[in-house]
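Down below is the structure, laid out as structure tokens.
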Amino acid sequence: MRVDVLGDVLALARVDASLMATFDARAPWAIELPARHGAAFHAVVAGTCWFTTDTAPPRQLSPGDLVLLPAGIRHRLATDPGLPTRRFDEDLKRSLIRPDGELVLDGPGARTRILCAGYQYATDITHPVLGLLPPVLHVATAQPDSGPWLRSVLDLLAHETRSHTATGSGTAAIRLLDLLLIHVVRAWLDTEGDTMDPSWLRGLRDPVTARALAVLHERPGHHWTLDTLATVVNVSRATLARRFAHHVGEPPLTYLTRWRLDVAARRLRETALPVAAIAHEVGYASEFAFNRAFTRTHGQPPGRYRRHTTTG
């Protein structure tokens, strides 16, 4: 199928990446990073460190290890998990930052270098990708399948952060962070995806469900029925209904309704198209039916939603 469902959802619910810091420290050191709005990300490019959260035991990170915290929970990084921590706040950041933008902790011991980034998104709603992930994703570039690709992106990102004065380095780093997020989610799905609750993201692991999702994303405005969708996916109606519900947790047409309204919400935010045109585009025969469905899902009619999201 031509449509990349993961990319489609990420594009719809925009995630804005930003490089927070390149952390360069020599042992011994230990810092606590408070909870933040949005996701947090760390990638070890040299040396080792220990990563700890309030709900899980310490785990050691080596070069090539990446951790993503989709909800930005509080966590700690240290050369030894037993060391007392320093809270990483704006005062500490100002005291550590160098003119080249790196955060440096001097010490007598071994050196560790970590790329730290953040992903911002609207936190008043559950993000359709990050909200489905566990509190911590730990991915290693030593994995045989996805590892080499992850390592390539990470190496490029490390290069761009070292070449911060080069033309376009800031933009390149942000684009690479976008790409890295996709690779991290993909690598986690390949190894741990079966452990997650039913959702569209888990559905990408099943070939039949993944084909059905791609068809719905490619043509959300088409007048789909379970029979016509099953025909396009080339399975029986019963097989499609069973596998889709098992992996996604809801019937295909229920998922389609929600996706249509998500697409419509983006069109309302980002275009000046009339409501009637958007309703037709996402498969509603009448503006009245669209208004009613949109209000039921988003808590306000399309016109009011557009005014609130484009002015505030």
Side-chain angles (χ1 to χ4, degrees), residues 1-15 125-133 182 185-186 188-190 192-271 273-299 301-302 305:
M1 293 302 170
R2 287 175 291 172
V3 170
D4 170 13
V5 177
L6 175 59
D8 212 17
V9 176
L10 283 171
L12 190 74
R14 180 63 192 166
V15 178
I125 57 174
T126 301
H127 191 274
V129 178
L130 299 175
L132 296 174
L133 302 175
I182 294 172
V185 173
R186 182 192 294 170
W188 180 82
L189 275 176
D190 289 343
E192 305 290 340
D194 285 338
T195 65
M196 71 186 308
D197 292 334
S199 68
W200 69 269
L201 194 56
R202 175 174 156 179
L204 297 181
R205 289 179 53 83
D206 175 67
V208 169
T209 306
R211 288 201 302 273
L213 286 166
V215 168
L216 296 178
H217 279 244
E218 185 177 18
R219 300 171 64 192
H222 183 72
H223 181 62
W224 291 109
T225 66
L226 188 59
D227 287 326
T228 57
L229 183 60
T231 298
V232 172
V233 177
N234 199 28
V235 295
S236 71
R237 171 190 172 120
T239 297
L240 175 60
R242 183 183 70 253
R243 290 174 71 158
F244 199 100
H246 175 73
H247 291 288
V248 180
E250 60 186 352
L253 299 187
T254 302
Y255 175 86
L256 173 61
T257 296
R258 188 158 42 78
W259 177 245
R260 283 172 167 171
L261 295 173
D262 287 343
V263 172
R266 182 185 184 186
R267 301 291 276 168
L268 288 165
R269 293 192 305 268
E270 299 181 358
T271 76
L273 283 173
V275 171
I278 294 174
H280 178 73
E281 182 182 310
V282 297
Y284 282 85
S286 75
E287 185 177 349
F288 174 77
F290 169 69
N291 287 352
R292 187 171 57 182
F294 191 92
T295 302
R296 186 166 55 245
T297 298
H298 291 277
Y305 175 89

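What's counted below: heavy atoms across the whole structure, side chains too, no hydrogens, waters or symmetry copies.
- Qualifying ring pair (Phe, Tyr, Trp, His ring centres under 6.0 Å) partners for H222, counting only residues two or more places apart in sequence or in other chains: W224.
- Y255 is linked by a ring pair (Phe, Tyr, Trp, His ring centres under 6.0 Å) to H217, counting only residues two or more places apart in sequence or in another chain.
- In this structure, T231 has no side-chain hydrogen bond (donor to acceptor under 3.5 Å, both in side chains) partners at least two apart in sequence or on a different chain.
- Residues W188 and M196 form a side-chain contact, since some pair of their non-hydrogen atoms from C-beta on lies under 4.5 Å apart.
- F244 is not listed as a side-chain neighbour of V235, based on a closest heavy-atom distance of 4.5 Å or more.
- Residues in residues 225-250 take part in these salt bridge (charged side-chain N to carboxylate O under 4.0 Å, His left out) pairs, two or more places apart or across chains: D206-R243, D227-R237, E250-R258.
- Not one N or O on the side chain of T209 forms a donor-acceptor pair closer than 3.5 Å with the backbone of R205.
- In this structure, the side chains of F290 and L261 come closer than 4.5 Å at one or more pairs of heavy atoms.
- Checked by atom type and distance alone, the side chain of W200 pairs as donor or acceptor with a backbone atom of P128 at under 3.5 Å.
- With a 4.5 Å cut-off on side-chain heavy atoms, L130 and L133 count as touching.
- Remark: E192 engages no residue in a side-chain hydrogen bond (donor to acceptor under 3.5 Å, both in side chains) (not counting sequence neighbours).
- Take R202 and apply the side-chain hydrogen bond (donor to acceptor under 3.5 Å, both in side chains) test, not counting sequence neighbours, and it matches H246.
- H298 and Y305 have tilted rings, their planes meeting at an angle from 30° to 60° on a 0 to 90° scale.
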